Enquirer: 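Take a look at this one; I'll ask things after.
All values derive from a computational prediction rather than experimental measurement. Counting begins at 1 with the first residue of the sequence.
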Amino acid sequence: HTRRGWLWKNPVHEALNPVGQKDVIARCPGLHVHHHADDTKSRAHYLDLLRLSVMEDKENPRNFYYYARELFNYNKLDEAFAQFEIYLGMPKATFPAERSEAYKYLSLIYQRKGDIIEALRMARQSVVEDPNRRESWLRLAQVCQNTARWHEAFAAAMSCVGITKRTGTFLDTAEAWGSEPQHILGVSEWRLGMIENSLIHLTEAVREDPGNEKLRRDFVTVRSSMP
């Protein structure tokens, strides 16, 4: 960007905003930006700064999403739930992937509170908001696996692994692109009697994460059940 004509906004998760000029956005496929936390610096004031950001700009959904997510990370579940609901009700909260993530967090909150029915409903809504990302399908598959809804777990895991392109946003997660989708798919297939397919997908999961003992145990269980 040019030296002048820009203003930094937000006390944290700062964003450049144009002043007196048009904001032109260009995409550069293949460019990867890796953002790593500096563990030598304290995050003691991070939550306070996020709270300040939503107070300063009450119409910016991005700030509310970050604030709600951080409250969740601090296990302040009731406060996080309230902020995610505020975020989802904002007219400018139209980014599908971010809305999908918000519902995913609501699903996790309900799960921690022991309400699996609402956890499942929120996971399904996460998929509705953005069915083109692995993260939402994986969350649904996880809830279904935890409640032995094997047919839906299988369908969700299949949809998850069928997505081969990342969104390229900060919302992509390592979990969704690791061994977990193949693992749930393999376990679901085994539960549904599709032993050969199960072995194929569990083999792929082990290849993705060879040090995972749970994966290896499940692989051995399925292999030993083959006629």
Enquirer: Rounded at 0.5 Å granularity, tell me how far CD1 in I200 sits from CD in E204.
Expert: 10.5 Å

Enquirer: Side chains of Q125 and E129: is there a donor and an acceptor less than 3.5 Å apart?
Expert: yes

Enquirer: Is it true that D130 and R99 have a side-chain N and a carboxylate O under 4.0 angstrom from each other?
Expert: no

Enquirer: Determine whether a donor-acceptor pair (N or O, by modelled atom type, separation under 3.5 Å) exists between the side chain of R62 and the backbone of H13.
Expert: yes

Enquirer: Answer whether the closest heavy-atom distance between the side chains of R207 and T203 falls below 4.5 Å.
Expert: no

Enquirer: How long is the gap from CE on M194 to CH2 on W190, to the nearest 0.5 Å?
Expert: 13.0 Å

Enquirer: Any chance the rings of F81 and Y105 have centres within less than 6.0 Å?
Expert: no

Enquirer: Test your reading of the model: is there a side-chain donor-acceptor pair from W137 to the backbone of P131, 3.5 Å cut-off?
Expert: yes

Enquirer: N10 and N63: side-chain donor and acceptor closer than 3.5 Å?
Expert: yes

Enquirer: Mark yes or no for whether R134, through its side chain, and C160, through its backbone, hold a donor-acceptor pair below 3.5 Å.
Expert: yes

Enquirer: Please answer whether the main-chain N or O of M55 pairs with a side-chain N or O of K58 as donor and acceptor at a distance below 3.5 Å.
Expert: yes

Enquirer: Taking the side chain as everything from C-beta on, heavy atoms only, tell me whether V19 gets closer than 4.5 Å to W6.
Expert: no

Enquirer: Test your reading of the model: is there a side-chain donor-acceptor pair from Q21 to the backbone of G5, 3.5 Å cut-off?
Expert: yes

Enquirer: Could you tell me whether a side-chain N or O of R216 sits under 3.5 Å from a main-chain N or O of P210, the two making a donor and an acceptor?
Expert: yes

Enquirer: Hey, are T167 and R133 close enough side-chain-wise for a donor-acceptor pair under 3.5 Å?
Expert: no

Enquirer: Of all the heavy-atom pairs spanning V12 and Y46, show the shortest one and how long it is.
Expert: CG2-CE1, 3.2 Å

Enquirer: Indicate yes or no for a side-chain donor-acceptor contact from S107 to the backbone of Y103 under 3.5 Å, with no hydrogens or angles considered.
Expert: no

Enquirer: If you round to the nearest 0.5 Å, how far is CG of L88 from CG of L106?
Expert: 6.0 Å

Enquirer: Taking R124 first and then E152, would you say they form a salt bridge - that is, a charged N and a carboxylate O separated by under 4.0 Å?
Expert: yes

Enquirer: With no hydrogens and no angle check, is any side-chain donor or acceptor of S224 less than 3.5 Å from a backbone partner on V220?
Expert: yes

Enquirer: Determine whether a donor-acceptor pair (N or O, by modelled atom type, separation under 3.5 Å) exists between the side chain of T147 and the backbone of V143.
Expert: yes

Enquirer: Strictly under 6.0 Å, is that where the ring centroids of F170 and Y66 end up?
Expert: yes

Enquirer: What I'd like to find out is whether the side chain of L215 reaches to under 4.5 Å of the side chain of S179, using heavy atoms alone.
Expert: yes

Enquirer: In Å, rounded to the nearest 0.5 Å, how long is the span from CD of E98 to NZ of K104?
Expert: 12.5 Å

Enquirer: Please say whether more than 12 non-hydrogen atoms of neighbouring residues, nucleotides or ligands are located less than 6.0 Å from CD in E59.
Expert: no

Enquirer: What heavy-atom pair brings T173 and E135 nearest, and what distance separates the two atoms?
Expert: N-OE2, 2.8 Å

Enquirer: Counting distance only, does the side-chain N/O of N197 pair as donor-acceptor with the main-chain N or O of I195 below 3.5 Å?
Expert: no

Enquirer: Less than 4.5 Å apart, side chain to side chain, heavy atoms only: is that true for L77 and F72?
Expert: yes

Enquirer: I'd like to check R149 versus L120 (side-chain heavy atoms, cut-off strictly below 4.5 Å). Are they in contact?
Expert: yes

Enquirer: With no hydrogens and no angle check, just 3.5 Å: does a side-chain donor-acceptor pair link Y65 and Q83?
Expert: no

